[in-house]
2 protein chains.
Amino acid sequence: MLIVFKYLLTDLPFIDFSFVTMKKNTKKERFFAESLKLIHEKGFKATTMRDIASKLNFEVANVYNYIDSKNALLETFLFGMQDEFHDSLDEILDSSYDPKEKMHLVVSSYIQITSKRPYEQALLVNEWRNLKAPKLQEFIQRRKEYENKIKILFQEGVDNNQFENIDVEIATATILAALRWLYKKYIDSTIKINSLEIEKQLTRLIFNGISSN
Amino acid sequence: MLIVFKYLLTDLPFIDFSFVTMKKNTKKERFFAESLKLIHEKGFKATTMRDIASKLNFEVANVYNYIDSKNALLETFLFGMQDEFHDSLDEILDSSYDPKEKMHLVVSSYIQITSKRPYEQALLVNEWRNLKAPKLQEFIQRRKEYENKIKILFQEGVDNNQFENIDVEIATATILAALRWLYKKYIDSTIKINSLEIEKQLTRLIFNGISSN
DNA sequence: GTCTATAATTCGATAGAC
DNA sequence: GTCTATCGAATTATAGAC
């Protein structure tokens, strides 16, 4: 069974922090786009304000025209992206689909978001550890809530006999792990990627595994 | 089908860099064990030589009794761990099992190594980006070779009609992603973990997915 | 918005005595 | 092996002129 609910994907709430995919008209948009790429390539800690300034052909002090601090820059990317995933998940869970259909939708929307913001997703996966004291706990807390929602959804599917009776923690961690690597494909690939084909293959892997018959 | 080849797991080549699981008799062993944990918890860049010295209750200069540089410390952990995974994989691939049996063995040995060295595995997954110029390329090259071997193995299984005809890149990335998160469970969990049960569940997820029937 | 200049701190690493 | 002392470099961030 393979169902694609495209209508929902185009209805995803739009949050305006897509500095990469948007046309870089204003200097501010270009600042965030270049910063985002730099942080992805070098890592947050290894990316200095001088690196960013140099990339934009101006001096270090000018960086502070756009942001208050280096950490605020990271927070902007991470929490913006986290909001997007949460809003998308909540919309799916609030629908009347059954657990299996909902899980299909989760996979589908996850791929959709990743395809639109692969660099932000890379930061979400790799750089969240660099958040500072109050923001870090907030981030971890929200991520835990996200994972809990997936756990509950999976458990409903087990109770429903739509999913195999697998340990909920292991299943959830594995499903999310199967989705979290995908940003690499969108960033590294030289050719245009067909997200529908990705969705088909990843869905097959998550729901039916690699074994034939 | 669920086969566990335990004999092979106990035959894994032993590489003596297990600073965590070994009893910490000598000061050197304790130095590496505490450094490893610190780097995992704070991240490599955020962990200072002063942090390490403080943890071991001596002064910064003493750190250099054990290592030549901060980067050499990271290299020790990462390349030691990489060697272990490679040796284990090569031994499996050199056997006469069929592709599906070999893939079972890969999963099994991967879990085995992770369970023995969860902190080293955490560094292997999260901290390799901090390697410097010549070592970084070497690391990436070796990891690419590892992934290529898995790709080839999967393709053999497809040709063999044992695996579904899924895109090799996507399948390989997903299989490895399903294994790479596991170190967290061994580090975070308070209760003793049954690796055989983990193996059973993860194998089921990878080979048959979450769907029932 | 852009620059120069610099403050204030932190970090990796070394020298050299004991 | 352990210590004190310190160097030199790099970093975030700010002040203030244009």
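Just so it is clear: chains get the letters A, B, ... in the order the sequence lines come, proteins before strands, and each one is counted from 1.
Proximity of A:K27 to the phosphate of C:dT2: a side-chain N or O atom is located under 4.0 Å from OP1 or OP2. Of the side-chain N and O atoms in A:K28, none sit less than 4.0 angstrom from OP1 or OP2 of C:dG1.
Residue A:E59 has its side chain nearest to C:dC3 when only C:dC3, D:dT11, D:dT2 are considered.
Taking the six-membered ring for Trp, B:F32 and B:Y66 have ring centres at least 6.0 Å apart. Ring to ring, A:Y97 and A:H104 are not that close: their centroids are 6.0 angstrom or more apart.
Protein atom CZ of B:R30 is 14 Å distant from nucleotide atom P of D:dG1, rounded to whole Å. In this structure, the CG atom of B:N62 is 7 Å from the C1' atom of D:dC3, given to the nearest Å. If you take NZ of B:K45 and P of C:dT10, they are 19 Å apart, rounded to a whole angstrom. Per the geometry, CD1 belonging to A:I67 stands 11 Å off P belonging to D:dT14, to the nearest Å. Across the protein-nucleic acid pair, B:N57 atom CG and D:dG1 atom C1' stand 15 Å apart, rounded to whole Å.
Taking a cutoff of 4.0 Å between a charged side-chain nitrogen and a carboxylate oxygen, A:R180 and A:E147 qualify as a salt bridge. Of the charged side-chain nitrogens involved, none lies within less than 4.0 Å of a carboxylate oxygen, so that A:E138 and A:R142 do not count as a salt-bridged pair. Comment: A:E127 does not engage A:K70 in a salt bridge, judged by the lack of any side-chain N to carboxylate O separation of less than 4.0 angstrom.
If you check every strand for non-hydrogen atoms under 4.0 Å, B:F31 touches nothing.
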Under the criterion salt bridge (Lys or Arg N to Asp or Glu O under 4.0 Å), I'd like the reasoning laid out for B:E120 against B:K37: C-alpha separation, chi angles, the key distance, then a yes or no.
CA-CA 9 Å; B:E120 287 92 337; B:K37 282 193 178 181; over 6 Å; no
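Comparing A:F58 and B:D51, the nucleotide of DNA chain C nearest to each residue sits closer to the 5' end for A:F58.
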One character per nucleotide, please: for nucleotides 13-18 of chain C, 5' to 3', B when the base has a protein heavy atom closer than 4.0 Å, S when only the sugar-phosphate does, - otherwise.
BBB---
